[in-house]
Amino acid sequence: MTKAIDKITSEGVSRRGFLGGLAALSGAVAIGAAGCSPKSGDEGESNGGSTTPTAKTSDADPIAPAAVPAAWDEEADVVIVGTGGGLVAAVYAAMKGKKVTVLEKGATWGGSSKETDIFSVLGSKTQQAIYQALGAQLAEINPEGAAQLSALGQLPPEVMRQQWMATYFTRPNGGDTGELPDGTTGLRACAPVQPMLQTLCTCIPDAIDFMAGCGVPWGPVTMFGSAGMISGVCPQGSETGGIVARANYSAFEILYNKAVELGASFHFSTPATALVMDGDKVVGVTCSGEVGNVKANDGVILATGGMTFNQDLLKEYVPHVYHRCFNSTATSGDEGDGIRMGLGAGATISGYDSSFIFDGGVDNGVWGRYLYKGDVQVSRQPWCSFTNAGNRIPYYPVTTLGFTKQAGIHMHNPGHCSYVVFDSHYDEIIKNWDATGKNQLICRNPITREKWAAAGDNVKRFTSGSLDEDYTIGMQEGIDGGYIFTANTLEELADKMGLQRSVVTGAVANWNAMCDAGEDTLYHLDPAWLVKVQDGPFYGMKVGGTVLATMCGLTVNTSMQVLNAKAEPICGLYATGCTAGGLGGDSNYGDCRNPGGGVAMSCGTAYLAAQTICG
């Protein structure tokens with residue numbers, strides 16, 4: 001906790017770190033097992049998606065279930081496919097005395113989940129304790145912020161959860177206008193989504209507290225601008241040096257070790273190939289690798305992630321991503337295998353055309369690209385930005401949840417992209433923004449050698465190639481790769497970018513005139529960001545959207561049981577995280593319309609599935 005306090009007080013977050021936290025967070029209870037009815041007629045390892053040269057294309061067809069084998073190679077009570085959020089389920093089930101087998105097609109544990117940075121969550125007992133401690137410690141240093149934290153610390157977790165849930169009832173999920181949970185009147189979520197919103201606002205905080213009990217040393221998020229301190233948690237000390245990439249790595253390492261300690265059996269490099277069904281019931285899994293057929297006496301949990309690396313599935317179910325995103329920041333194992341197996345068992349799809357998309361898609365012809373790579377980070381700064389007609393576009397900062405808003409701006413433009421131009425002073429400008437507190441945060445904050453050195457042992461969590469120790473390394477990769485254009489004149493830069501010369505020169509001239517005036521009367525950019533483009537060489541990039549996760553998957557109930565076309569549970573089958581769909585409604589492309597975001601949702605729903613199985 002001391003390191004976190006030092007970080008908070010040194011950055012002076014009395015205005016940036018405390019005020020407006022709940023409002024910024026909002027831009028991120030029924031739990032019971034239902035009976036089984038007859039059915040009607042992961043994540044793999046890569047370096048944050050950064051090293052896979054092309055998107056993996058595979059079939060979108062359902063994977064038919066296999067028949068019961070003459071003999072089983074292994075038997076367990078609970079079989080879990082995928083080791084991201086699936087690790088939470090593995091630990092919970094093992095703690096309840098269940099024999100657990102975990103199948104992972106990657107060479108190690110964690111999948112896309114361990115590549116994440118923070119858990120967006122509110123309403124956990126863990127956070128209540130954090131707020132109480134910080135409120136007391138900051139009372140003399142930051143009275144205003146301390147008072148806010150102390151007030152939150154006194155709220156029962158159930159009240160915080162209700163406040164958290166209320167923010168999602170006002171999201172445009174196709175709802176109507178009426179009374180909200182807090183008694184006010186406003187836009188309500190559509191009825192089918194409301195039970196799941198209530199469920200997520202319960203199971204996610206519960207999972208955070210459960211993980212704390214497993215030894216995960218949660219600390220407050222301190223580096224998320226006005227959402228800092230209130231937006232969620234990450235492993236304590238993981239933000240050292242200002243690098244948040246892969247902050248959650250240690251959380252999943254702790255979970256894996258705990259599962260092993262409790263006797264769970266793990267099989268790596270062992271892809272699940274089909275579910276095994278005995279009549280209407282899922283009774284096991286077939287796989288390749290160490291074992292062939294694994295029996296599941298109580299149930300199978302599919303925690304295999306989404307479909308971002310399966311172009312056929314994207315084209316069929318998430319066309320916005322297929323047609324408009326330049327790349328994905330998920331791991332290359334995100335191929336939709338669990339979704340296809342569930343469909344083969346009689347499941348249906350929910351969450352059509354729903355996904356979680358950030359800005360930072362660089363047009364480099366490579367599908368897998370991590371958000372913390374240097375070329376991606378430099379593309380996301382508040383540069384002179386415009387369409388191919390030369391029209392300026394707005395820039396949304398992190399503190400207004402600009403990740404998804406900015407992606408929407410890029411993807412709406414002709415060609416599904418925007419163009420950014422900056423000059424030879426880019427490194428000086430970025431470091432000045434950082435020094436004066438005007439820098440962008442989390443994955444938009446470029447990593448420098450100074451930050452890398454300050455992170456100390458924290459850099460050990462990064463694998464080779466997953467990100468750059470200085471963002472200029474990725475910048476040079478882009479120049480060498482021909483997708484970061486450079487030229488000595490703006491006219492030459494326009495030629496290389498494939499734009500009319502007058503478009504680029506006109507956009508830059510208008511930008512420079514605004515910088516000279518010192519005020520943005522159109523989009524109201526921070527004056528610190530109004531830096532003229534004037535000295536060559538000049539640089540330009542084509543920037544679009546990058547998909548973090550798909551939110552389209554198997555239809556589930558509030559116990560995470562997979563449902564058939566009659567909304568009946570398929571006996572013995574559960575889906576969690578991005579393998580499940582419809583948790584925030586249909587056609588929610590670009591924005592995460594469910595509480596917690598990807599990794600928190602993955603862990604919370606896995607925790608709930610294990611609870612359901614274990615009774």
Side-chain angles (χ1 to χ4, degrees), residues 1 4 21-22 25-26 28-29 31 84-93 95 110 113-114 116-134 149 152-153 155-165 167-168 196-224 227-239 244 246-259 303 560 576-577 583 592 594-612:
M1 188 68 72
L22 283 171
L25 171 65
S26 68
V29 259
I31 302 176
L87 289 174
V88 177
V91 174
Y92 185 92
M95 279 186 173
S113 293
K114 71 172 179 290
T116 58
D117 41 37
I118 66 172
F119 279 76
S120 296
V121 62
L122 194 65
S124 65
K125 294 179 181 177
T126 300
Q127 287 170 288
Q128 185 185 43
I130 289 173
Y131 298 152
Q132 290 173 349
L134 289 179
L149 284 177
L152 281 169
L155 284 179
E158 293 74 18
V159 174
M160 284 194 280
R161 294 178 187 191
Q162 286 297 316
Q163 292 181 358
W164 191 32
M165 183 177 65
T167 65
Y168 284 90
M196 191 54 70
L197 288 175
Q198 294 169 331
T199 298
L200 293 174
C201 287
T202 297
C203 69
I204 292 174
D206 284 347
I208 293 297
D209 291 336
F210 173 76
M211 293 167 73
C214 294
V216 176
W218 293 122
V221 173
T222 64
M223 297 179 59
F224 201 9
M229 306 298 304
I230 298 175
S231 64
V233 293
C234 61
Q236 190 170 322
S238 59
E239 295 176 305
V244 192
R246 245 186 178 206
N248 289 327
Y249 180 95
S250 62
F252 291 95
E253 182 178 37
I254 290 168
L255 290 173
Y256 169 69
N257 290 333
K258 187 69 174 179
M560 306 317 297
T576 67
L583 304 187
C592 189
N594 57 271
V599 66
M601 181 190 70
S602 177
C603 292
T605 53
Y607 176 77
L608 178 53
Q611 274 189 320
T612 304

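Heads up: numbering here begins at 1 and tracks the sequence.
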Q | Distance in Å, Thr605 OG1 paired with Ile204 CD1, rounded so as to fall on 0.5 Å steps | A | 7.5 Å
Q: Can you run down the salt bridge (charged side-chain N to carboxylate O under 4.0 Å, His left out) pairs that involve residues 248-258, sequence neighbours left out, and say none if there aren't any?
A: Lys258-Glu261
Q: Please report the shortest heavy-atom distance between Met160 and Gly123, naming the atom on each side.
A: CB-CA, 3.7 Å
**Q.** Shortest non-hydrogen separation from Lys125 to Pro157 and the atoms involved
**A.** CG-CG, 3.8 Å
(Q) I want to check something: taking the side chain as every heavy atom from C-beta on, are Val244 and Ser238 in contact at a cut-off of under 4.5 Å? (A) no
Q) So which of Leu152, Val233, Asp209 actually passes side-chain contact (heavy atoms from CB on, under 4.5 Å) with Gln127? A) Val233
(Q) Treating Gln132 as the side-chain partner and Gly153 as the backbone partner, does any N or O pair qualify as donor plus acceptor under 3.5 Å? (A) yes
Q) Could you state the interatomic distance from CG (Leu197) to CG (Leu583), rounded to the nearest 0.5 Å? A) 9.0 Å
Q | Nearest heavy atoms of Pro220 and Leu134, plus distance in Å | A | CG-CD1, 3.9 Å
Q) Would you say the side chain of Ser120 lies within less than 4.5 Å of the side chain of Ile118, judging by non-hydrogen atoms? A) yes
(Q) With a 4.5 Å cut-off on side-chain heavy atoms, are Phe210 and Val91 touching? (A) yes
Q | Any donor-acceptor pair under 3.5 Å from Trp218 side chain to Ile208 backbone | A | yes
Q) Nearest 0.5 Å, what's the CG-OG distance between Leu255 and Ser250? A) 9.5 Å
Q. Between Arg161 and Asp206, is the closest basic N to carboxylate O distance under 4.0 Å?
A. yes
Q: Nearest 0.5 Å please: distance from the CE atom of Met196 over to the SG atom of Cys203.
A: 8.5 Å
Q. When rounded to the nearest 0.5 angstrom, what is the spacing between CE in Met211 and OG1 in Thr126?
A. 10.0 Å
**Q.** Gap separating the CD1 atom of Ile254 from the CG atom of Leu87, nearest 0.5 angstrom
**A.** 12.0 Å
Q) Phe252: what forms a ring-ring contact (aromatic ring centres under 6.0 Å, His included) with it, not counting sequence neighbours? A) none
Q. Looking at Cys234, Cys603, Pro205, which one forms a side-chain contact (heavy atoms from CB on, under 4.5 Å) with Phe119?
A. Cys603
Q) Do the side chain of Ser602 and the main chain of Gly598 share a donor and acceptor less than 3.5 angstrom apart? A) no
Q. So, for Thr576 and Ala303, which heavy atoms are closest and what is the spacing to 0.1 Å?
A. OG1-CB, 3.4 Å
Q.
Tell me the closest heavy-atom pair linking Leu200 and Met601, and the distance in Å.
A. CD2-CG, 4.2 Å
Q: Grab the two heavy atoms, one from Trp164 and one from Leu122, that are nearest each other, plus how far apart they are.
A: CE3-O, 3.2 Å
(Q) Contact between Arg246 and Asp117 at the side-chain level, heavy atoms closer than 4.5 Å - yes or no? (A) no
Q | Residues in side-chain hydrogen bond (donor to acceptor under 3.5 Å, both in side chains) contact with Thr116, at least two apart in sequence or another chain | A | Asn248
